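Encoded as structure tokens, the structure appears first; notes follow it.
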Amino acid sequence: MKEILINLKSYKKELILGPLFKLLEAIIEISLPIIIAEIIDNNINFTPNQIIFYTIGMLIFILIGFGCASTSQYFAAKASKGYGANLRKEFFRHISLLSNKQLNEYGASALVNRITYDINNLEIAISMFIRLVLRSPFICIGSLLMIFVINVKIAIIVTISLIILSICIYIIFKISSKLQQKLNINIDKMLIRVKEDLVNIRLIRSTNSQEFEKCKFNGRNKEIYKISLKYNFISNLLTPSNIIILNILVVVILYISKLNIEHISIGKLIAIINYISQMTNSVIVLSNLIIIYTKAFSSANRITDIMKIRPDMEYGEINEIKTTQNAIILKNVSFSYNKESEFIKEFNINIKIGEIIGMIGFTASGKTTLLNLFARNYDVDKGEILIFDRNITDYKKQTLKNNIRIISQKKQFFTGTLEENISLRRKHKQRNII
């Protein structure tokens, strides 16, 4: 988890000051009902000057609260969006260091899903931390304490309701968390399926296997539908649970205990109602935060899984290629995309400088794989590859990429001009030996 939290160091000020401003707003919000109760209970004895004083005081409180809320919102936006931008940059840099073999274990679609959907979930979580994570519990606890000050019996009843509600929230959180993780895995699998179908659409049409591919897609889509339906149903139980427990349960307990509240003044009764309303809203917000953080924790684990992967390719220190008669030599090279079966087994070849070699074979016979091994897009499992009589692992990465080119038979363009695609943003001409 520390791999993705380290980017928050740049936003210590926002992470500290933002919640503090929200707490100040919460203190003002908690203070207002008791002030209103005082005005209601003593309005007959107030002089015009006192009424003006209370009115101006409440207006100042409201303006201060508005200013605190606006400042906290600014800090939340700055920290969350800045954190997301930095994490995307770090994530993209990290996956660019991984070998093709490591990337193939997850698939391009799954990585794109992480750099967009998952990082966006973390942005929302950071923003909610500054805006609501401290404010909502403070409002809930502060309102309960104020009810204790007004009437202990009613406060005890409300406390019992909160305990029952907390148990319900915990159960819903545990169930929804597992469903969210399962949902993310299935979304990744569906994205891989869609990507494969789009890339191989001509082959699918030529073999007339559209219906077969549709069945596979529909099966995965139906699985996502079932999990999403269950997840949304469980998650959406939070709000009705709040309403039932904090409203109906309080009424039931009041009826059973036959609590006598006739001695409570109108102002204090209105204050209690306001505090219960604040608590209800805070618990609803906390419920929504649980849904947000369920997604965020799941996304954080998915991103951490990638960030923990260490590049399996190590490069040497040779930064210049010195030509010899032997351009490329493969000695007993074996390679596999997975551990189940070898794709290339004990292959040998010696290509002299200046030679033009043609490789002919069936589809999936290993022609493109050999080219990728020449460029060290993959590492061999056994044997060795020599580039001008030096092991390919002795060269620096940039040296190999500057001097070995692979031109694919498939047209793949980047966004931009034709000139940028041809030059690939190279500022200086470089010598391509191979």
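The shown structure was predicted, so the numbers you read here are calculated from the model rather than taken from an experiment.
- Across P311 and L97, no two heavy atoms sit closer than the pair CB-O, 3.6 Å.
- N120 places no side-chain N or O within 3.5 Å of a backbone atom of T116 that could act as its donor or acceptor partner.
- Ring centroid separation for the pair F335 and Y378 comes in under the 6.0 Å cut-off.
- Counting heavy atoms of neighbouring residues, nucleotides and ligands inside a 6.0 Å radius, atom CD of E355 exceeds 12 of them.
- Atoms NZ and CG, from K331 and N350 in turn, are 9.0 Å apart once rounded to the nearest 0.5 Å.
- Y83 places no side-chain N or O within 3.5 Å of a backbone atom of I126 that could act as its donor or acceptor partner.
- Counted within 6.0 Å of CZ on F148, heavy atoms from surrounding residues, nucleotides or ligands total more than 12; the atom is thus considered enclosed.
- Under the 3.5 Å distance criterion, with hydrogens and angles disregarded, no donor-acceptor pair is assigned to the side chains of K226 and N221.
- Side-chain atoms of Y231 do not come within 3.5 Å of backbone N or O of K182 as any donor-acceptor pair.
- Residues I62 and F66 have side chains not in contact (no heavy-atom distance under 4.5 Å, counting atoms from C-beta outward).
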(request) Test side-chain contact (heavy atoms from CB on, under 4.5 Å) on N186 and I227 and set out the steps. (result) CA-CA 9 Å; N186 279 273; I227 299 173; 3.4 Å; yes
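- Looking only at distances, no side-chain donor or acceptor of S72 sits under 3.5 Å from a matching main-chain atom of A69.
- Formation of a donor-acceptor pair under 3.5 Å by the T71 side chain with backbone atoms of G67 is found in this model.
- Side-chain contact, D389 with T324: a donor N or O sits under 3.5 Å from an acceptor N or O.
- Using modelled atom types and a 3.5 Å distance limit, the side chains of N332 and N348 yield a donor-acceptor pair.
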(message) Checking Q102 against S99 for the side-chain contact (heavy atoms from CB on, under 4.5 Å) test, could you report, in this order, the C-alpha distance in whole Å, the side-chain angles of both residues, the deciding distance, and whether it holds?
(response) CA-CA 5 Å; Q102 290 175 307; S99 66; 3.4 Å; yes
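- Within the 4.5 Å cutoff, no side-chain heavy atoms of F388 are placed close to those of K322.
- I36 places a side-chain heavy atom less than 4.5 Å from the side chain of M58.
- Around NZ of K230, the count of heavy atoms belonging to other residues, nucleotides or ligands within 6.0 Å does not exceed 12.
- Inter-residue side-chain proximity for R88 and E123 is flagged as met; some heavy-atom pair is nearer than 4.5 Å.
- A distance of 10.5 Å separates CD1 in I328 from CD1 in I353, rounded to the nearest 0.5 Å.
- When every heavy atom of A79 is checked against every heavy atom of I130, the shortest pair comes out as CB-CD1, 3.7 Å.
- For the pair H94 (side chain) and K89 (backbone), a donor-acceptor distance under 3.5 Å is absent.
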(request) Start with the C-alpha distance between Y275 and V158, add both sets of side-chain angles, then the distance that settles side-chain contact (heavy atoms from CB on, under 4.5 Å), and finish with yes or no. (result) CA-CA 11 Å; Y275 283 128; V158 175; over 6 Å; no
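- Looking only at distances, no side-chain donor or acceptor of R302 sits under 3.5 Å from a matching main-chain atom of S298.
- Y315 carries R376 over the face of its six-membered ring, with the cationic atom under 6.0 Å from the centre and within 45° of the normal.
- Using a 4.5 Å heavy-atom threshold, the side chains of Y117 and I187 count as separate.
- Checked by atom type and distance alone, the side chain of D394 never pairs as donor or acceptor with a backbone atom of R390 at under 3.5 Å.
- Rounding to the nearest 0.5 Å places CZ of R131 at 10.5 Å from CD of E25.
- Closest non-hydrogen pair, F61 versus S31, comes out as CE2-CB, 4.2 Å.
- Closest approach of K78 and Y11 over heavy atoms only: O-CE2, 3.8 Å.
- In this structure, I329 and I349 have side chains that are not in contact, with every pair of non-hydrogen atoms separated by 4.5 Å or more.
- When the side chain to side chain contact (heavy atoms under 4.5 Å, CB included) test is applied to V333, the partners found at least two apart in sequence or on another chain are L330, L373, V380, I385.
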(request) Just do the salt bridge (Lys or Arg N to Asp or Glu O under 4.0 Å) check on E320 and K396 with the steps written out, would you? (result) CA-CA 9 Å; E320 183 180 357; K396 285 186 174 181; over 6 Å; no
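- Note: I306 CD1 to D118 CG = 10.0 Å, rounded to the nearest 0.5 Å.
- Side-chain contact between L134 and K22: absent, with no pair of heavy atoms (C-beta onward) separated by less than 4.5 Å.
- For F92, the CZ atom counts as loosely surrounded, since its 6.0 Å shell holds 12 or fewer non-hydrogen atoms of other residues, nucleotides or ligands.
- With sequence neighbours left out, the salt bridge (charged side-chain N to carboxylate O under 4.0 Å, His left out) criterion links K352 to no other residue.
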(request) With side-chain contact (heavy atoms from CB on, under 4.5 Å) as the test, would you mind laying out the steps for S143 and I276 before giving the verdict? (result) CA-CA 7 Å; S143 298; I276 292 177; over 6 Å; no
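- Taking CG of N377 as the reference point, atom NZ of K401 lies at 4.0 Å (rounded to 0.5 Å).
- What you find for A300 and L122 is that their closest heavy atoms are CB-CD2, 3.9 Å.
- Remark: side-chain polar atoms of T399 are not paired, donor with acceptor, to backbone N or O of Y395 under 3.5 angstrom.
- By the neighbour-count criterion of 12 heavy atoms within 6.0 Å, atom NZ of K367 is densely surrounded, having more than that number from other residues, nucleotides or ligands.
- Taking the charged nitrogens against the carboxylate oxygens, R220 and E223 have no contact shorter than 4.0 Å, which rules out a salt bridge.
- When all heavy atoms are compared, the tightest approach of Y293 to M128 is OH-C, 3.9 Å.
- Side-chain atoms of S334 and E346 include no donor-acceptor pair closer than 3.5 Å.
- Within the 4.5 Å cutoff, no side-chain heavy atoms of S80 are placed close to those of I124.
- A distance of 12.0 Å separates CD of Q73 from SG of C68, quoted to the nearest 0.5 Å.
- The closest donor-acceptor contact from the side chain of S136 to the backbone of L132 lies under 3.5 Å.
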